[in-house]
A.B. asks: 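Quick one: structure below, then a few questions.
Along the sequence shown, residues are numbered consecutively beginning with 1. Because the structure is a prediction, the values reported are computed rather than measured.
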Amino acid sequence: MGQVKVNRVRARLAFFVADVFASVPRKDQRDKSDCYLRGLMLDGRRKSVQAMASRLPDGNEQNLQQFVNQSTWDPLPVRRRIAERMSARISPEAWVVDDVSFPKDGRMPVAVAPQYCGAMGKRANCQVAVSVHACTATASCPLQWRLFLPKEWADDAERRAACKVPAEIGHREKWRLALDILDELTGWGVPPRVVLADAAYGANATFRGELTERGLNYVLSIRSDVTAHPFDAVPEAPARKGINGCWPQPRYRQAPPAVTAHAINLGRSAFTEITWRHGSHGPMRSHFAAMRVRPASNSITRPLRAQASAEQGWWDGVLPDLWLLAEWPLNSETPTECWFSNLPVQTPLKDLVSCAKLRWRVEHDYRELKHGLGLDHFEGRSWPGWHHHVTLVTAAHAFLTEQRLSPKAPMPASPSTRSSSSSRTS
């Protein structure tokens with residue numbers, strides 16, 4: 001019976017590989033994809049090519065090394081098919097933006113530099129990648145990745161050549177990489193969802209503005225020192241000085257309080273107990289309140305003033321309003337976390353909380369990607385090799401997610417699969 005189950009899983013994997021890797025032009029490369037995925041999913045602490053090849057009955061270390069590090073197959077169509085397939089399978093409630101770090105030794109692994117390393121909780125020599133995940137409360141999967149290239153790599157011709165970094169790739173801030181991914185997903189026709197992210201992204205007013213311009217809703221964590229004006233604050237213009245003086249522009253006359261001050265001013269009685277999900281140790285609940293505020297920042301004010309002045313020669317000084325969601329547990333003296341959201345005014349408090357708390361699924365992804373599937377076990381140094389490995393790990397994660405969801409029928413072919421498979425050569 002055990003062998004029958006193994007054969008069934010192998011058959012499902014073969015169908016999965018045939019669909020997801022349909023864009024890979026050669027049959028031997030698709031066969032190596034199947035082999036590599038099996039190696040990633042087999043038991044074993046180390047998921048380097050050498051370790052996987054030793055555990056696979058058909059494993060050939062040299063062939064797998066060449067497939068990952070030197071082969072020219074394009075990982076982008078593979079990731080596109082994974083994104084299409086998993087979005088249809090999961091029906092995500094949100095897109096979660098996050099980044100992950102990979103500690104490394106030396107200076108030659110692609111994009112490595114001394115920088116903050118989340119895996120170690122301090123500044124260390126590492127690589128950092130930005131990812132976007134499709135999430136529900138019960139399932140999630142990474143959809144797309146960007147490897148962050150530190151500034152010191154931008155003009156380092158020697159290391160760029162050694163690691164085969166494409167000429168068009170330069171230094172780009174993580175929040176811009178996240179926007180690039182979101183643009184790519186919508187360009188692929190993947191239905192957009194509410195964007196979630198931690199405070200490294202949420203405190204960035206320009207990032208929030210770019211999401212709004214794209215018509216994307218968001219619930220973003222923010223730092224406690226981020227400031228906002230009360231919703232009912234009114235900009236005022238001082239009196240004109242002299243007959244020939246310019247008419248002063250309206251502005252807020254009071255300094256904006258920090259978001260925690262807004263929450264504290266509401267008082268504990270304004271906070272409602274909300275249960276957002278049931279965990280392994282029982283219901284997950286805390287106390288929350290939401291109010292409308294007007295975030296304050298020069299990066300918000302300047303473009304609004306410039307746009308209004310260009311269009312009508314005058315700006316009334318009124319800043320856009322958002323939801324401020326705050327959490328204040330009973331055992332805490334002050335609110336512990338805050339979020340900004342541009343969800344509609346009529347959004348219920350429970351829905352705001354459910355969205356804000358959905359980010360926990362990414363931690364589940366990273367545990368499986370790293371500890372179970374060897375996301376951070378890649379030992380190569382090149383740009384193509386890193387992207388091949390990450391794409392294969394993402395495919396393995398997607399396959400396992402599908403098996404947990406007990407698929408009953410194969411996924412329908414997508415336009416990207418049909419177009420790539422029709423021109424494929426064996």
A.B. asks: Rounded to the nearest 0.5 Å, how far does CD1 of Ile90 lie from NE2 of His133?
C.D. replies: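 Those atoms lie 11.0 Å apart.
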A.B. asks: Any donor and acceptor pair, going by atom type alone, linking the side chain of Asp321 with main-chain N or O of Arg294 inside 3.5 Å?
C.D. replies: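 No, Asp321 side chain to Arg294 backbone: no donor-acceptor pair under 3.5 Å.
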A.B. asks: Ignoring hydrogens and geometry, is there a side-chain-to-backbone donor-acceptor pair from Lys357 to Met284 under 3.5 Å?
C.D. replies: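 Between the backbone of Met284 and the side chain of Lys357 there is no qualifying donor-acceptor contact (under 3.5 Å).
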A.B. asks: For the pair Asp99 and Lys174, find out whether any cationic side-chain nitrogen is under 4.0 Å from an anionic carboxylate oxygen.
C.D. replies: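 No.
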A.B. asks: Rounded to the nearest 0.5 Å, what separates atom CZ in Arg159 from atom CZ in Arg381?
C.D. replies: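 Separation between the atoms: 11.0 Å.
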A.B. asks: Going by an N to O cut-off under 4.0 Å, is there a salt bridge joining Asp180 and Arg176?
C.D. replies: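 Answer for the salt bridge query: no.
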A.B. asks: So, taking the atom named CD in Glu402 and the one named CZ in Arg89, what distance separates them when rounded to the nearest 0.5 Å?
C.D. replies: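 Reported to 0.5 Å precision, the distance equals 5.0 Å.
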A.B. asks: CZ of Phe67 to CZ of Arg30: how many Å apart, nearest 0.5 Å?
C.D. replies: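 Reported value, rounded in 0.5 Å steps: 10.5 Å.
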A.B. asks: Flag the pair Glu368 and Arg404 as a salt bridge only when some basic side-chain nitrogen lies within less than 4.0 angstrom of an acidic carboxylate oxygen.
C.D. replies: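 A salt bridge links Glu368 with Arg404.
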A.B. asks: Can you confirm whether Val190 sits close enough to Trp95 that some side-chain heavy atom of one is under 4.5 Å from a side-chain heavy atom of the other?
C.D. replies: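 A side-chain contact under 4.5 Å exists here.
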A.B. asks: Would Glu363 and Arg367 pass as an ion pair if we require N to O under 4.0 Å?
C.D. replies: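 Salt bridge between Glu363 and Arg367, a charged N being under 4.0 Å from a carboxylate O: no.
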A.B. asks: Can you tell me how far apart CZ (Arg38) and CG (Leu56) are? Round to the nearest 0.5 Å.
C.D. replies: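 One finds 6.0 Å between CZ of Arg38 and CG of Leu56.
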A.B. asks: How many angstroms lie between CZ in Phe21 and CD in Gln29, if you round to the nearest 0.5 Å?
C.D. replies: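 Output value for this atom pair is 11.0 Å.
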A.B. asks: Salt bridge check: are Arg223 and Glu337 linked by an N-O gap of less than 4.0 Å?
C.D. replies: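 Not counted as a salt bridge, because no side-chain N and carboxylate O are separated by less than 4.0 Å.
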A.B. asks: Taking only residues two or more places apart in sequence, or in another chain, which ones meet Trp339 in a ring-ring contact (aromatic ring centres under 6.0 Å, His included)?
C.D. replies: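 For Trp339 there are no ring-ring contact (aromatic ring centres under 6.0 Å, His included) partners, ignoring immediate neighbours.
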A.B. asks: Would one find more than 12 heavy atoms of other residues, nucleotides or ligands at under 6.0 Å from atom CG of Asp155?
C.D. replies: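 Not buried by this count: 12 neighbours or fewer within 6.0 Å.
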A.B. asks: For a 4.5 angstrom cut-off between non-hydrogen side-chain atoms, does Leu64 reach Cys35?
C.D. replies: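 When only atoms from C-beta onward are counted, Cys35 and Leu64 do touch, with a gap below 4.5 Å.
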A.B. asks: Assess whether atom CD of Gln50 is packed by more than 12 heavy atoms of other residues, nucleotides or ligands within 6.0 Å.
C.D. replies: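 Incorrect, the count does not exceed 12.
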A.B. asks: Once ring-ring contact (aromatic ring centres under 6.0 Å, His included) is applied, do any residues pair with Trp383, and if so which ones, sequence neighbours excluded?
C.D. replies: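 Scan of Trp383 (ring-ring contact (aromatic ring centres under 6.0 Å, His included), adjacent residues dropped) gives His387.
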A.B. asks: Compute whether any side-chain donor of one residue and acceptor of the other, for Asp98 and Ser131, lie under 3.5 angstrom apart.
C.D. replies: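 Ser131 and Asp98 do not have a side-chain donor-acceptor pair below 3.5 Å.
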A.B. asks: Per the salt bridge (charged side-chain N to carboxylate O under 4.0 Å, His left out) rule, what does the pair list look like for residues 127-148, sequence neighbours excluded?
C.D. replies: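 Residue pairs passing salt bridge (charged side-chain N to carboxylate O under 4.0 Å, His left out), neighbours aside: Arg146-Glu184.
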